[in-house]
Each structure stands twice: as structure tokens, then as C-alpha cells.
Amino acid sequence: MYMLKGEKGVERFTEMVMEIIKSIPSGKVMSYGQIARVAGKPRGARQVVRILHAMSKKHKLPWHRVINSRGEIGIQDEELFFTQKSLLEGEGVQFKGKSTIDMEKYRYHPDCDEYL
DNA sequence: GTCATGACAACGG
DNA sequence: CCCGTTGCCATGA
């Protein structure tokens, strides 16, 4: 159970998102929308983005294992793009194109019950 | 309070 | 498959 910090759903959502991201094993990836759904907010993909970005500065989160739903790195900044790609390749993820990977092969399927 | 922004998603053409 | 539009919602100005 991850019911920390009072009754504010936002707080719990944040905690869950962080736990989920930390639970992604090396060599696997998840999409923002997928994380949002598992955390209980089907429409919260953009908040996942925000949380991830904000938290990765303070905590050590495997942010590079989070990509967009198309199975590609949708990042604009070249430096960050290269960083993420390198980290993934370093974990054994094969790229099919400049920024595309095989989602069906690398997607991580967490058990939702772990986060209730 | 409004308004713009964002490591996005889903859908239509 | 590529492109544009629309929806979403926390955060900061």
C-alpha cells in the first residue's frame, strides 16, 4: 500500500508514479500514459511527465526507461535525446530507427495490485 | 483569479 | 505512416 501523505490524491499519485518508475527493470520501458493508468489517472500522462522531470533532479529515477506511446523517444533536445538513447542501448535495448524501439518486446507490464 | 506551458495520448484525415 | 487537432491537468508567471 502506498497511501502516504494524507488524503490528497495528487500526493498519492506522485508517490505511486515514482514507485512505478523505480520498479521498471533494466532493459524494459514504459510509456507515460501507461504509468498514468497504472497509477490511477488514465488522463494523467502529462502529470507523469511533470513529476518525472521534477523528481529526476532530486531523486535518482530511471527516467530514460519512460518513453512515449509510439515506442520512441519523443524528446526535442538533442543532448537529452542522445543521453536517453545511450542509457537504453547500454541496457540492451535495440533501436529500430533513429528513435524507435520495439515496444511489444521491451514494454514492462507491472501488476496493478502492487500499487493499490 | 486567468493564461501559457509541457520528457504526452488518442483520434481523425 | 505522417500530420494536425483536441483533450488533459499540475505548475508557474
Side-chain angles (χ1 to χ4, degrees):
Chain A
M1 301 287 213
Y2 292 87
M3 319 204 293
L4 341 167
K5 300 204 173 177
E7 65 275 52
K8 298 241 176 185
V10 197
E11 298 284 353
R12 197 180 63 159
F13 179 68
T14 302
E15 297 288 343
M16 290 179 69
V17 168
M18 286 193 296
E19 290 300 320
I20 292 166
I21 292 172
K22 280 193 296 186
S23 76
I24 303 176
S26 176
K28 290 289 183 179
V29 298
M30 283 182 81
S31 76
Y32 297 92
Q34 188 188 355
I35 292 173
R37 283 193 298 277
V38 174
K41 264 193 186 326
R43 310 301 162 106
R46 314 206 62 163
Q47 279 57 256
V48 174
V49 171
R50 205 165 285 289
I51 292 165
L52 182 56
H53 196 145
M55 295 302 139
S56 60
K57 296 172 181 172
K58 305 177 179 64
H59 307 263
K60 308 278 191 212
L61 296 181
W63 60 273
H64 55 277
R65 296 181 191 145
V66 184
I67 62 183
N68 67 19
S69 63
R70 300 169 196 169
E72 54 188 10
I73 300 177
I75 195 173
Q76 304 303 306
D77 186 82
E78 287 186 35
E79 206 171 304
L80 268 178
F81 175 92
F82 181 72
T83 302
Q84 178 166 19
K85 184 175 179 180
S86 300
L87 287 168
L88 287 175
E89 287 179 324
E91 295 181 347
V93 176
Q94 314 277 66
F95 278 72
K96 297 202 293 191
K98 186 180 190 300
S99 57
T100 337
I101 72 172
D102 191 332
M103 270 304 264
E104 298 310 301
K105 181 174 181 180
Y106 298 112
R107 188 189 309 269
Y108 174 50
H109 304 273
D111 188 347
C112 296
D113 295 335
E114 294 179 39
Y115 306 101
L116 294 179

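Keep in mind that the numbers below use all heavy atoms, side chains included, and drop hydrogens, waters and symmetry copies. Letters go in sequence order (proteins before strands), and every chain restarts at 1.
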| message | Please report the interatomic distance CZ(A:F95) to CG(A:L88), rounded to the nearest 0.5 Å. | response | 5.0 Å
| query | Which is the 5'-most and which the 3'-most nucleotide of DNA chain B that has an atom under 4.0 Å from a heavy atom of chain A? | reply | B:dT5 to B:dA10
| request: Quick one: label A:G74 by what it contacts on the DNA or RNA (base, sugar-phosphate, nothing), any heavy atom closer than 4.0 Å. | output: sugar-phosphate
May I have the list of side-chain donor-acceptor pairs in residues 47-56 of chain A shorter than 3.5 Å, sequence neighbours left out?
| unit_1 | atom_1 | unit_2 | atom_2 | d |
| --- | --- | --- | --- | --- |
| A:S56 | OG | A:L52 | O | 3.0 |
| A:S56 | OG | A:H53 | O | 3.1 |

| task | Map A:S31 and A:Q47 onto DNA chain B by nearest heavy atom, then report which one ends up closer to the 5' terminus. | result | A:Q47
| query | Would you call A:Q94 and A:D102 a side-chain contact if the rule is heavy atoms closer than 4.5 Å? | reply | no
| remark: Contacts of A:F82 meeting side chain to side chain contact (heavy atoms under 4.5 Å, CB included) (sequence neighbours excluded), chain-then-number -> A:S86
| query | So do the side chains of A:W63 and A:T83 get within less than 4.5 Å of each other, counting heavy atoms only? | reply | yes
Which pairs would a plain distance check flag for residues 26-40 of chain A, meaning a side-chain donor or acceptor within less than 3.5 Å of a matching protein atom at least two apart in sequence or in another chain?
| unit_1 | atom_1 | unit_2 | atom_2 | d |
| --- | --- | --- | --- | --- |
| A:K28 | NZ | A:K105 | O | 3.4 |
| A:S31 | OG | A:Q34 | N | 3.1 |
| A:Q34 | OE1 | A:S31 | N | 3.4 |
| A:Q34 | NE2 | A:Y108 | O | 2.9 |

Write down the protein N/O and nucleotide N/O pairs, taken from nucleotides 2-7 of chain C, whose separation is under 3.5 Å; answer none if there are no such pairs.
| unit_1 | atom_1 | unit_2 | atom_2 | d |
| --- | --- | --- | --- | --- |
| C:dG7 | O6 | A:R46 | NH1 | 3.4 |

| message | Please give the stem ranges for DNA chain B, sorted by first residue number, where a stem is three or more consecutive Watson-Crick or G-U pairs and both donor-acceptor distances are under 3.5 Å. | response | B:2-6 with C:9-13, B:8-13 with C:2-7
| task | With sequence neighbours excluded, tell me which residues meet side-chain hydrogen bond (donor to acceptor under 3.5 Å, both in side chains) with A:E91. | result | A:H64, A:R65
| task | Could you list the residues that satisfy salt bridge (Lys or Arg N to Asp or Glu O under 4.0 Å) with A:R107, not counting sequence neighbours? | result | A:E104
| query | Counting any heavy atom closer than 4.0 Å, what does A:I73 reach on the DNA or RNA strands: base, sugar-phosphate only, or nothing? | reply | nothing
| message | Can you pull out every side chain to side chain donor-acceptor pair (under 3.5 Å) where at least one residue sits in residues 67-81 of chain A? Sequence neighbours excluded, please. | response | none
| task | Could you tell me whether B:dA4 is syn or anti, where syn means a glycosidic angle within 90 degrees of zero? | result | anti
| field | Between C1' of C:dC8 and NZ of A:K41, the distance in whole Å | value | 10 Å
| said: What's A:R37 touching, base or sugar-phosphate or nothing? Going by heavy atoms closer than 4.0 Å. | reply: sugar-phosphate
| Gap separating the OG1 atom of A:T100 from the NZ atom of A:K98, nearest 0.5 angstrom | 10.0 Å
| field | A:E15/A:R12 salt bridge by N-O under 4.0 Å criterion | value | no
